[in-house]
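I have placed the structure first, in the form of structure tokens, so that the comments after it can refer back to it.
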Amino acid sequence: MNQDPTQPIEPFIKELLNSLDLSNEKFNNVESYATELGSALKPNCNVIINGEPIVSKLEFQKKWLMTPLTFHQITNFDCHLIPGLNSYVININGKVKFDESGRNRLGESGDLIVSQQPKKNMSSWFGFFLSLVIDQPGMNKEIVDNFDYRINYKPHDTIISI
Amino acid sequence: MSYRGRGRGNYNNYGRGGFQRPPNPQNINQYVNSNSIPVEIAGWNGASMEDCINFISRKCRIVVSNANIEPNGNIKGYVKSEKEAGDLLNWSGVKFAGQSLKITKSFSSNGTNKKGNTIETITEFLKTRYDEPSKMLNLSSVQNDATLNQQGFFASISTTSKFFPALMKIASDLKIDVESIDLSNNNLNDLNTITTLPQTFPKLINLSLMNNNLSKLKVFEIWKNKLNYLREFIISGNPILNNDLNVVKLEIMRLFPRLIILNGEVLRNEPKLLENLKFPFNSQSMMFQDNDIHNISTNFITNFYNLWDTNRSNLLQLYQDQSQFSVSVDMSNPHDLNGQQIDFTYYLTNSRNLSRISASKLKMQKLFTGKDQIANCFNQLPKSKHELIENSHLFSMEAFKYNQLNGIIINLHGTFKETGHPDVSEPKKYGRKKVSLMEKGFDRCFVIIPSPDGGMIVASDMLVIRYPTIFKSDASPVANASPSPAPGIPPVAPSPPVAAPGMNQTPGMTAAPPANSPGINDLPPDIKSMINVTQQELLVKVLLETNLNLQYGYMLCEQSNWDYQTCTINFKNSVNSLPLNAYR
């Protein structure tokens, strides 16, 4: 028996945040790309972003497609395994950068003059808090029941509007 | 991917890529503040003005700057202080080029000393060049300005190079609201003399550098990501446009991410750009999944923090044998404190930041289970004050169902003040170090479930301590005040204890002292005298929840017959038509 129930959590949350940071370069179409964004969420996952409830995983993925590219880093996390449930409550604090080049995650841009090699222009660090309720990480891919994400710090020099 | 944050705002790029070091702000201050005492020198005509000034510098060891020849034939210049002026006057009569120099202090026509002449001149110049209605500052062809020339601002390369930095400094002090600047026809070869323009005018929207001598794209690098509101930019009439135009446009677009128009050409679709730069989720400080959760969670938080800040041990009845508590410290979260030291000492011993702990034993040691362990940990935390009512804008909260447990998860975020040292602080842990009490940021996640006796239990309690940050959404107050499926506008305000179906008020919480009713005492006496206590409570609640000011809050209550539900409906119906000054 695993003596440390928190052991599988860190790889899981890193993978989850990586899935939010994916760029569309490796995907053939929008659908396959969108389904990979937050793929660990259950279809009926309770999603809240900055205090706004999102009705479903699909709706979340559609909206997340419209965000600028992101880059998340974890600075703190803690979790409790709820006895008898195999359910974890996880608190994550971290920092995130947004691409300020004016393109969304799909590469759509308002630029009327197009560069052959568009460059990212990452912002300064924002702060975020993420609270999760998940099933025991294992064979199932979709294990997130609750996903509560909140930006708690916005740098002064950013052009991203939140 | 670059870590732009390291370089932004610090101007670390000087010296790279052949850039000259720009004028030091301290030098600019000196320049502005010095040279303020005017002196006049007669009897110098046996040689040139420069020879005379150099002679004085050698002989008297006093520098006369900004020298020029007055219509009466005298040299007029400036020294740094009254003392220097006095010392120089002692040299009056000294022989130079076969004549005796006559040195006097210069006075303005109204007879007052022209101390601060440079500042006054530039201030006057700014006034004549600033058009307030259009927020336009016309700095075109400054070297052709008769007054500035007469004052010798462009008498030498040295003084010319100091003019714009001095102007920026003075404009900054004057806090002129500028959206457009015309810097055309100024013979600028680079931006070295106007590097501080983005700091002086951070909200600049339109800028013209037309008809200068800018020839290299890299000169603009110094302003990268510093003019984030620049919308229109004119650089026509500069040799830079002899380069590949497409490259010029792309590079300028990269440096100025919100630029729409360059030399009259539209480079970006503005609505699409603004859409892409907006995080596509509405931001609201409070979210409750439904009415019951709203009531339960606000009651819980109000009562919990009332005790947390006053009598922490009374909270232990909410924790049972399997209840878990842990505290973790995040010292890496981004913040604005700019080097200010925050003392996390009291939390570090028990910190369960799992991104920094790898040993399983340690992870388990820092997880407190059951009343006794949790009590012990609570006692090691500093005493605190959470201003949930007084400063509700410092807090945000989400509360939603935890279906597997038939419970509720409450996530609360904000800042608190440390008001006292912990009840139990082991000298061994902290040695002789004096631990400072200060403001901290926090996130706290509660899992609360119904207890068999009809009360409530805290099943899980995770506290994160971090640097204090205040997040202000770009959205208007109206957008912030319209929550989703949950009712009303939901502050962490006290409300009468409400027992939700299937989740009665915990006996412990009921036994606890009722939450303070702060805010009522803050109502003006004339208002209090007009309404009863229940109405006063409603008014405070409405003020907190809507962020309306007293006048509008009172009107809302009155027009809603002092009924909370009606207030909520009426507020929602009128929120879009309320003026901005209706809010606090």
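Sequence lines set the chain letters: A, B, ... in the order given, protein chains first and strands last, and positions in each chain run from 1.
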Subject >> Val247(B) portion near chain A, given a 4.5 angstrom heavy-atom threshold >> reply: neither
Original post:
How about Phe281(B) and Ile162(A): do any of their side-chain heavy atoms sit closer than 4.5 Å?
Top reply: no
Original post:
Leu267(B) pairs by side-chain contact (heavy atoms from CB on, under 4.5 Å) with which of Ile113(A), Leu112(A), Asp111(A)?
Top reply: Ile113(A)
**OP:** For each of Val133(A), Asn91(A), Val114(A), tally heavy-atom pairs with chain B at distances under 4.5 Å, and name the one with the top tally.
**Re:** Asn91(A)
**OP:** Heavy-atom distances under 4.5 Å only: say whether Asn86(A) touches chain B with side chain, backbone, both or neither.
**Re:** neither
Subject >> Flag side-chain contact, heavy atom, 4.5 Å: Asn411(B) against Phe129(A) >> reply: yes
Original post:
Counting only heavy atoms not in Gln322(B), do more than 12 fall under 6.0 Å of its CD?
Top reply: no
Original post:
Checking heavy atoms, do the side chain of Leu85(A), its backbone, both or neither come under 4.5 Å from chain B?
Top reply: side chain
Subject >> Value rounded to 0.5 Å, distance of OG in Ser396(B) from CZ in Arg150(A) >> reply: 4.0 Å
Subject >> Pairwise distance OH(Tyr402(B)) to CG(Asn146(A)) - rounded to 0.5 angstrom >> reply: 8.0 Å
**OP:** Specify the closest pair of heavy atoms between Lys63(A) and Pro280(B), including all atoms of both residues, with the distance to one decimal.
**Re:** NZ-O, 3.3 Å
**OP:** Apply side chain to side chain contact (heavy atoms under 4.5 Å, CB included) to Asn152(A) and Arg466(B), showing your working.
**Re:** CA-CA 11 Å; Asn152(A) 56 23; Arg466(B) 54 175 170 78; 3.9 Å; yes
Original post:
Checking side chain to side chain contact (heavy atoms under 4.5 Å, CB included) for the pair Leu367(B)/His80(A): CA distance, chi angles, key distance, verdict?
Top reply: CA-CA 8 Å; Leu367(B) 175 65; His80(A) 291 172; 3.4 Å; yes
Original post:
In terms of heavy-atom proximity below 4.5 Å to chain A, should Leu274(B) be classed as side chain, backbone, both, or neither?
Top reply: neither
**OP:** Against chain B, work out which of Ile48(A), Asp99(A), Ile92(A), Ile9(A) has the most heavy-atom pairs shorter than 4.5 Å and name it.
**Re:** Ile48(A)
**OP:** Considering only heavy atoms and a distance below 4.5 Å, find which of Arg356(B), Lys361(B), His335(B) pairs most often with chain A.
**Re:** His335(B)
Original post:
Taking all non-hydrogen atoms of both residues, which atom of Gly51(A) and which atom of Met287(B) are closest, and how far apart?
Top reply: O-CG, 2.9 Å
**OP:** Indicate whether any N or O donor in one side chain lies under 3.5 Å from an N or O acceptor in the other, for Asn93(A) and Asp443(B).
**Re:** yes
Original post:
Is it the case that Asp336(B) and Tyr153(A) place a side-chain donor and acceptor less than 3.5 Å from each other?
Top reply: yes
Original post:
Between the side chains of Gln284(B) and Asn50(A), does any donor sit under 3.5 Å from an acceptor?
Top reply: no
Original post:
For the side chain of Glu52(A) and the backbone of Asn282(B), is there at least one donor-acceptor N/O pair under 3.5 Å apart?
Top reply: yes
**OP:** Select, from Phe98(A), Phe128(A), Trp64(A), the one with the greatest count of heavy-atom pairs under 4.5 Å involving chain B.
**Re:** Trp64(A)
**OP:** Look at atom CG of Asp321(B) and say whether more than 12 heavy atoms of other residues, nucleotides or ligands are closer to it than 6.0 Å.
**Re:** no
Original post:
What part of Lys278(B) lies closer than 4.5 angstrom to a heavy atom of chain A: side chain, backbone, both or neither?
Top reply: both
Original post:
Of the backbone (N, CA, C, O) and the side chain (C-beta and beyond), which part of Leu65(A) lies under 4.5 Å from a heavy atom of chain B, both, or neither?
Top reply: neither
Subject >> Rounded distance (nearest 0.5 Å) linking atom CZ of Arg254(B) with atom OG of Ser101(A) >> reply: 11.5 Å
**OP:** Find the distance between CD1 (Ile159(A)) and OH (Tyr229(B)) and round it off to the nearest 0.5 Å.
**Re:** 9.5 Å
Original post:
What is the minimum heavy-atom distance between Met364(B) and Pro5(A), and which atoms define it?
Top reply: SD-CD, 4.3 Å
**OP:** Specify which of Asn76(A), Ile160(A), Val89(A), Ile49(A) makes the most heavy-atom pairs with chain B at under 4.5 Å.
**Re:** Asn76(A)
Original post:
Given that the side chain runs from C-beta out, which part of Phe256(B) has a heavy atom under 4.5 Å from chain A: side chain, backbone, both or neither?
Top reply: neither
Original post:
Hey, are Ser326(B) and Asp78(A) close enough side-chain-wise for a donor-acceptor pair under 3.5 Å?
Top reply: yes
Subject >> Which atoms of Met253(B) approach chain A - backbone, side chain, both or neither, heavy atom under 4.5 Å >> reply: side chain
Subject >> For the student: nearest non-hydrogen atoms of Gln404(B) and Ser87(A), plus distance >> reply: NE2-OG, 4.2 Å
Original post:
Taking the side chain from Asn276(B) and the backbone from Glu108(A), do they hold a donor-acceptor pair closer than 3.5 Å?
Top reply: yes
**OP:** Determine the minimum heavy-atom distance between Ser332(B) and Lys95(A), stating which atoms define it.
**Re:** O-CD, 4.2 Å
Subject >> Ser355(B) versus Glu10(A), closest heavy-atom pair with distance >> reply: CA-OE2, 4.0 Å
**OP:** Let me know if Glu265(B) has heavy atoms under 4.5 Å from chain A in its side chain, its backbone, both or neither.
**Re:** side chain
Subject >> Gln324(B) side chain near Pro83(A) side chain, heavy-atom distance below 4.5 Å >> reply: yes
**OP:** Report the option among Leu277(B), Asn403(B), Val266(B), Asn246(B) that has the most heavy-atom pairs separated by less than 4.5 Å from atoms of chain A.
**Re:** Leu277(B)
Original post:
Asp330(B) and Thr75(A): side-chain donor and acceptor closer than 3.5 Å?
Top reply: yes
**OP:** I would like to know whether Lys272(B) and Asn104(A) meet side chain to side chain contact (heavy atoms under 4.5 Å, CB included); could you show each step before the answer?
**Re:** CA-CA 10 Å; Lys272(B) 179 67 182 168; Asn104(A) 64 19; 4.1 Å; yes
**OP:** Output the option from Pro155(A), Ser131(A), Pro118(A) having the highest count of non-hydrogen pairs under 4.5 Å with chain B.
**Re:** Ser131(A)
Subject >> Greatest number of heavy atom pairs closer than 4.5 Å to chain A - which of Asn269(B), Ile260(B), Asn353(B) >> reply: Asn353(B)
Subject >> Name of the residue among Gln289(B), Glu398(B), Lys401(B) meeting side-chain contact (heavy atoms from CB on, under 4.5 Å) with Asn46(A) >> reply: Gln289(B)
Subject >> Distance, nearest 0.5 Å, that separates CZ of Phe77(A) from CZ of Arg352(B) >> reply: 8.5 Å
**OP:** Specify which of Ile409(B), Val329(B), Leu405(B) makes the most heavy-atom pairs with chain A at under 4.5 Å.
**Re:** Leu405(B)
